[in-house]
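Just follow the structure's listing: the first ligand is 1, and inside any ligand the first atom is 1. Every heavy atom of this structure was used, including side-chain atoms; hydrogens, water molecules and symmetry mates were not.
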Amino acid sequence: MKAVTTLKELCAERAKLAEPLGLVPTMGYLHEGHLSLVRQAKAECPSIGVSIFVNPSQFGPDDDLESYPRDLDRDLSLLKDEGVDLVWMPTANEMYPSGFQTWVTIEGLTQPLEGLRRPGHFRGVATVVAKLFNAFQPSKAYFGQKDAQQAIVIQRMVRDLNFPLQIVVCPTVREPDGLAMSSRNAYLNAAERKAATVLYRALTAAIDAFVSGEQKAEALRDLMSDVLSFESLIRPEYVSVAGLDTLEELTGPIDRALLSMAVYVGETRLIDNMIVGEQGFETDGDTNS
Ligand code: PAF
C-alpha cells in the first residue's frame, strides 16, 4: 500500500494501478462503517483508493473541525490490512492552495435537512469530492447511507456534471444495540452512549408502524418525535419524513420516504436515517459510465 500526501505523488501512483479503481473518500478515524465501504469496493474493483482528509470547508464556524478525532497511524494500519492500494492524505494547503476560489454548489437538494442547519456544508463536501474524483479518476466511489443527504447530493453532482463514474451507496453499519457507527460516537460518555440508541429506536418504531399499515407522513414523524421525547439526555434538532427525490417534507399517505433525524446527545450532534417503502438505497445506475 502506498500512502502519499501531494497531488503529484498521487497521480504518479494512481497511474500504476489497474482499472477500474474504486474510491472510498473518508475523513479518517476509521470504523467498521468505513471498512465495509472498502470491502464492498474490494469485491467490485481490482484497485482501491482511499482518501483521508478532514475537510475544513465542510465545517461551519461552530462545528468540531479542531476536535474532530484523528488517528492516522491506526487508519493506515487498518487500510493496509484491508488490502487498499493507494491512500491520499493531503494537507489543507494541498487541497486548497493559495488563490483557490472555485466551488461546487448543488441547489435544491442541499436546502433542507442538514443543509438548512449547516450552511455551506454541502458546498464544502461537493467541492472536495469533485476534487477527489478528478485526482483519483475512479470508476466507482463508495459512500455510506448513514449520510443519506450527502449520498443523494453527490449522485446529483455526478449526473449534472457528467463525472464518468458510478456512486455506490452502502448500508449503514450499526453497533449491536443499533447505534449507527460514526467517528463522532467517540465524543459520547457512557450515559450519552446509552441514550444515543434512541435514534435507532425512533427510526425502527416508525418502520414498524409503516409495515403495520401507518402510512401517513405526519403520523410517522410524530411517532419518531414521541420516542425521542422519552430520552432526557437528548435534544432533537429535526425529525423528517422526506421524499427521496427532492428531500422535501412529505404529507399524507406515503409509499416511500427517507426517515431522518439530527439529535444532540449532550454536546454531540448525531444523525441517522432509514428508508421506508423499498429494499434499500437506490444505487446510481451507470448513467455516466
Ligand atoms: O462523509 C465524509 O466522511 C465526508 O463528508 C467526505 C465524503 C469524505 C468529504 O469530505
Considering both backbone and side-chain atoms of Gln58, is one of its nitrogen or oxygen atoms within less than 3.5 Å of a nitrogen or oxygen in ligand 1?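 N/O-N/O distance under 3.5 Å: yes.
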Distance filter under 4.0 Å to [X] heavy atoms, resulting ligand 1 atoms:
X      : result
Pro25  : 8 (C)
Val128 : 9 (C), 10 (O)
Thr26  : 8 (C)
Gln150 : 1 (O), 2 (C), 4 (C), 5 (O), 7 (C)

Protein residue, atom and distance nearest to atom 3 (O) of ligand 1, heavy-atom basis: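 So the nearest neighbour among protein heavy atoms is Met27 CG, 3.5 Å.
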Ion pair present between Glu267 and Arg235, side-chain N to carboxylate O less than 4.0 angstrom?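 Result for this pair is no, no salt bridge flagged.
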Is the shortest side-chain N to carboxylate O distance from Lys16 to Asp85 below 4.0 Å?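 Salt bridge: no.
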Listing request: all side chain to side chain donor-acceptor pair (under 3.5 Å) pairs with a residue in residues 223-234, at least two apart in sequence or in separate chains.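 Applying side chain to side chain donor-acceptor pair (under 3.5 Å) to every pair that reaches into residues 223-234, excluding sequence neighbours, yields nothing.
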Name all pairs fulfilling the side chain to side chain donor-acceptor pair (under 3.5 Å) condition that reach into residues 115-137, sequence neighbours left out, sorted by first residue then second.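 Sorted pair list: Asp63-Arg118.
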Quick one: do the Glu114 and Tyr238 side chains pair a donor with an acceptor below 3.5 Å?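 A donor-acceptor contact under 3.5 Å links the two side chains.
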